[in-house]
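Letters A, B, ... mirror the listed sequences (proteins, then strands); counts begin at 1.
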Protein chains: 2
Amino acid sequence: MTEKATPSPEAIKAWARLMRVSRQLMESAEEALKAAGLPPLAWYDVLHELAEAGEGGLRPFQLIERTLFAQYNISRLLARLEADGLVEKLPVADDGRGQTIRVTASGRETRRQMWAVYGRSIAELVGAKLSADELTMVSALLGRLRLPPAGD
Amino acid sequence: MTEKATPSPEAIKAWARLMRVSRQLMESAEEALKAAGLPPLAWYDVLHELAEAGEGGLRPFQLIERTLFAQYNISRLLARLEADGLVEKLPVADDGRGQTIRVTASGRETRRQMWAVYGRSIAELVGAKLSADELTMVSALLGRLRLPPAGD
DNA sequence: TCCATATAGATGCAAATGCATTAACTTTGG
DNA sequence: CCAAAGTTAATGCATTTGCATCTATATGGA
């Protein structure tokens with residue numbers, strides 16, 4: 001009953017801003033990486049998760065949970081990363097279907113190089129535009145827009 | 001000199017939230033459209049701009065400015081829209097290169113149907129989560145992150 | 001134990017995207 | 001008036017995405 005079919009003007013505006021700004025910023029960061037001859041952002045996301053996971057690595061399905069990429073997307077992304085020597089696939093003992101993905105030294109190095117560029121983009125695109133308090137407020141507000149884990 | 005190479009933790013968090021939430025919400029809205037048997041969001045953006053432009057229509061390059069799509073992207077999207085009878089391409093009198101794109105009655109109807117679903121998504125995904133004041137605050141903060149028109 | 005069902009990950013094929021280039025004009029400057 | 005440069009839009013080709021399906025293994029009952 002509290003469901004509204006038509007959004008308020010404030011909601012429409014916030015939505016439009018969110019979509020437009022996030023796209024602009026993403027493209028801007030992507031551009032900076034490309035200009036530096038580095039791989040796209042998607043690679044960073046995966047390398048980042050794997051780096052955080054450490055020696056134990058992660059199963060592909062865990063990467064899917066963490067990154068929100070589609071299953072086939074991860075599957076192929078990992079194939080590319082492996083072909084580039086940035087990750088390695090290890091068989092997993094107690095589950096013959098699966099594999100464990102671990103970042104290689106080369107993968108860590110690539111991530112480091114990407115962060116030098118990506119981090120600068122973040123600093124310039126958001127860090128330089130809003131105060132720490134404002135950034136915290138943005139995070140808090142956006143946090144309330146997150147979707148519940150799964151509507152299944 | 002005021003350039004920071006490394007972003008603050010607040011900036012990183014805000015960035016991460018922005019990217020993740022915008023992607024989630026976008027996908028959610030996209031999903032709702034697909035479930036209703038309607039075309040993707042990109043089509044809505046174009047139909048919306050054209051509907052606002054009225055009888056005069058818009059030139060493709062104007063659509064590019066307004067929607068931020070790449071040139072080749074618009075070119076092909078318009079081809080698809082035309083094939084579906086949602087827009088029509090008219091030669092433009094004073095410039096033999098160009099064309100004017102005008103939305104058809106069918107295009108307006110499709111946009112209307114899409115808005116029924118899309119608007120509901122916006123209402124549920126953001127309108128129901130934050131107050132009007134909070135939404136206004138989000139818009140204002142995000143507004144400060146917009147990129148200057150063109151760094152060319 | 002054996003079968004039905006579920007889960008992990010890969011893949012064939014169609015559609016969409018990105019990139020570079022091209023074709024068809026317009027505009028500008030001499 | 002003409003040549004050079006700029007603009008508008010389309011397109012060939014490679015890469016990526018999306019969808020559905022498929023293979024292989026695991027699990028949970030009868």
| said: From CZ of A/Phe69 over to C1' of D/dT17, roughly how many Å is that when rounded to an integer? | reply: 12 Å
| said: Does B/Met137 have more than 12 heavy atoms from other residues, nucleotides or ligands lying within 6.0 Å of its CE? | reply: no
| task | Give a yes or no on whether a donor-acceptor pair under 3.5 Å exists between the nucleobase atoms of C/dT26, that is its base, and the side chain of B/Arg97. | result | no
| message | Rounding to an integer number of Å, can you tell me how far B/Trp43 CH2 sits from C/dT17 P? | response | 11 Å
| A/Ile64 CD1 to C/dA10 C1': how many Å, rounded? | 12 Å
| Would you say a side-chain N or O of B/Lys89 is under 4.0 Å from OP1 or OP2 of D/dA9? | no
| Is any NZ, NE, NH1 or NH2 atom of the basic residue among B/Arg108 and B/Glu55 found under 4.0 Å from an Asp or Glu carboxylate oxygen of the other? | yes
| message | OP1 or OP2 of D/dT16 versus the side-chain N and O atoms of A/Asn73: is any pair under 4.0 Å? | response | no
| Euclidean distance, atom CG of residue A/Leu78 to atom P of D/dT16 [Å, nearest integer] | 14 Å
| field | Sidechain N-carboxylate O distance under 4.0 Å for A/Glu109, A/Arg112 | value | yes
| task | Report the distance from atom CD of A/Glu30 to atom P of C/dG18, rounded to the nearest whole Å. | result | 10 Å
| request: Look at A/Lys34 and C/dG18 and indicate whether a side-chain polar atom (N or O) is within less than 4.0 Å of OP1 or OP2. | output: no
| message | By the 4.0 Å heavy-atom rule, please label A/Gln71 as base, sugar-phosphate, or nothing. | response | base
| Side-chain-base donor-acceptor pair under 3.5 Å for A/Arg76 and D/dG18 | yes
| request: With the side chain counted from C-beta on, respond yes when A/Val46 and A/Val103 share a heavy-atom pair under 4.5 Å apart, and no when they do not. | output: no
| field | Spacing between B/Ile74 atom CD1 and D/dT11 atom C1', to the nearest angstrom | value | 16 Å
| Does a side-chain heavy-atom distance below 4.5 Å link A/Trp15 with B/Leu25? | yes
| said: Return whichever of B/Asp94 or A/Gln62 has its heavy-atom-nearest nucleotide of DNA chain C closer to the 5' end. | reply: A/Gln62
| said: If I take atom OH in residue A/Tyr72 and atom C1' in nucleotide C/dA14, what distance separates them, rounded to the nearest angstrom? | reply: 12 Å
| query | Tell me: CD of A/Glu65 to C1' of C/dA8, nearest whole Å? | reply | 12 Å
| query | With sugar-phosphate meaning primed atoms plus P, OP1 and OP2, does B/Arg59 contact a base, only sugar-phosphate, or nothing at under 4.0 Å between heavy atoms? | reply | sugar-phosphate
| Between A/Arg80 and C/dA10, is there a side-chain N or O to OP1/OP2 distance below 4.0 Å? | no
